[in-house]
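In this text the structure is predicted, and so the values were computed from the model without any measurement.
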Amino acid sequence: QVQLVESGGGLVQAGGSLRLSCAASGRTFSVLRMGWFRQAPGKEREFVAGISGSGGATYSADSVKGRFTISRDNAKNTVFLQMISLKPEDTAAYYCAATITSNWSPSSMNYWGKGTLVTVSS
């Protein structure tokens with residue numbers, strides 16, 4: 001089992017920045033591919049960014065490219081999502097997830113955190 005706990009969400013003005021963190025426990029962290037997903041009210045959960053177990057490869061959705069950066073610290077069992085130039089459309093609950101597969105779809109994630117809310121005001 002893997003437990004994931006997100007933190008760092010909050011209210012920010014458009015153009016601002018936030019850094020989300022996700023602390024993991026329960027399994028060797030470096031074997032897990034880690035991802036960030038988000039879900040806005042009335043919408044499906046969508047992939048935001050992902051990172052390989054070593055941190056050597058990262059992936060991101062087109063909608064956040066150039067603005068969001070995923071990183072990880074395997075010594076601290078933590079994954080981060082640095083978000084800059086935030087837009088109102090980034091408002092959503094953000095979830096940390098872990099997988100041992102090579103697929104980034106929500107259905108392929110093996111473990112989920114409970115989420116942290118990000119609200120971007122215009």
Side-chain angles (χ1 to χ4, degrees):
Q1 274 289 37
V2 174
Q3 293 77 44
L4 303 173
V5 180
E6 304 95 337
S7 61
L11 174 64
V12 64
Q13 288 188 332
S17 302
L18 279 175
R19 188 193 197 203
L20 305 183
S21 299
C22 172
S25 62
R27 184 167 178 170
T28 304
F29 184 63
S30 60
V31 305
L32 298 169
R33 289 157 56 95
M34 301 297 298
W36 286 97
F37 293 75
R38 66 186 181 186
Q39 187 167 17
K43 295 188 176 181
E44 293 186 354
R45 192 168 297 190
E46 63 175 0
F47 170 76
V48 173
I51 189 166
S52 63
S54 67
T58 60
Y59 314 84
S60 59
D62 289 343
S63 58
V64 306
K65 271 188 171 66
R67 299 189 300 121
F68 292 9
T69 302
I70 189 170
S71 61
R72 66 191 295 162
D73 183 340
N74 284 351
K76 296 183 178 179
N77 285 8
T78 304
V79 63
F80 306 97
L81 185 68
Q82 179 69 50
M83 306 185 292
I84 66 171
S85 301
L86 282 160
K87 305 175 181 180
E89 51 263 45
D90 294 318
T91 294
Y94 282 72
Y95 298 89
C96 175
T99 183
I100 57 173
T101 74
S102 58
N103 193 314
W104 290 114
S105 66
S107 61
S108 296
M109 297 296 113
N110 301 108
Y111 308 100
W112 289 93
K114 293 184 178 181
T116 186
L117 186 61
V118 172
T119 303
V120 184
S121 63
S122 57

[atom2] on [Y] to [atom1] on [X], rounded to 0.5 Å:
| X | Y | atom1 | atom2 | result |
| --- | --- | --- | --- | --- |
| S63 | F47 | OG | CZ | 10.0 Å |
| L18 | L81 | CG | CG | 9.5 Å |
| L32 | I51 | CG | CD1 | 12.5 Å |
| M34 | S71 | CE | OG | 11.5 Å |
| D90 | T119 | CG | OG1 | 11.0 Å |
| Q13 | L86 | CD | CG | 11.5 Å |

Of all the heavy-atom pairs spanning [X] and [Y], show the shortest one and how long it is.
| X | Y | answer |
| --- | --- | --- |
| N103 | R33 | N-NH2, 4.4 Å |
| L4 | A24 | CD2-CB, 3.6 Å |
| S60 | V64 | CB-CG2, 4.1 Å |
| W104 | G50 | CH2-CA, 3.6 Å |
| A40 | A92 | N-CB, 3.8 Å |
| L11 | S121 | CD1-CB, 4.3 Å |

Does the side chain of [X] reach to within under 4.5 Å of the side chain of [Y], using non-hydrogen atoms?
| X | Y | result |
| --- | --- | --- |
| D73 | F80 | yes |
| F68 | W36 | no |
| V48 | M83 | no |
| S21 | K76 | no |

Partners passing side chain to side chain donor-acceptor pair (under 3.5 Å) against [X] (at least two apart in sequence or in another chain):
| X | value |
| --- | --- |
| K114 | none |
| Q39 | R45 |
| Y95 | none |

Strictly distance-based, threshold 3.5 Å: is any side-chain N or O of [X] a donor or acceptor partner for the main-chain N or O of [Y]?
| X | Y | value |
| --- | --- | --- |
| N110 | I100 | yes |
| N74 | G53 | yes |
| T116 | Y94 | no |
| R72 | S52 | yes |
| R19 | G8 | no |

Would a single hydrophobic cluster contain both [Y] and [X], if residues Ile, Leu, Val, Met, Phe, Trp and Tyr are joined by side-chain heavy-atom contacts under 4.5 Å?
| X | Y | answer |
| --- | --- | --- |
| I70 | V5 | no |
| V2 | V31 | yes |
| M109 | F29 | no |

- Within a reach of under 6.0 Å around NZ of K65, are more than 12 heavy atoms found that belong to other residues, nucleotides or ligands? yes
- Message: What I want to check is whether the side chains of Q82 and T69 have a donor and an acceptor closer together than 3.5 Å.
- Response: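 The criterion, which ignores hydrogens and geometry beyond distance, is not satisfied for T69 and Q82.
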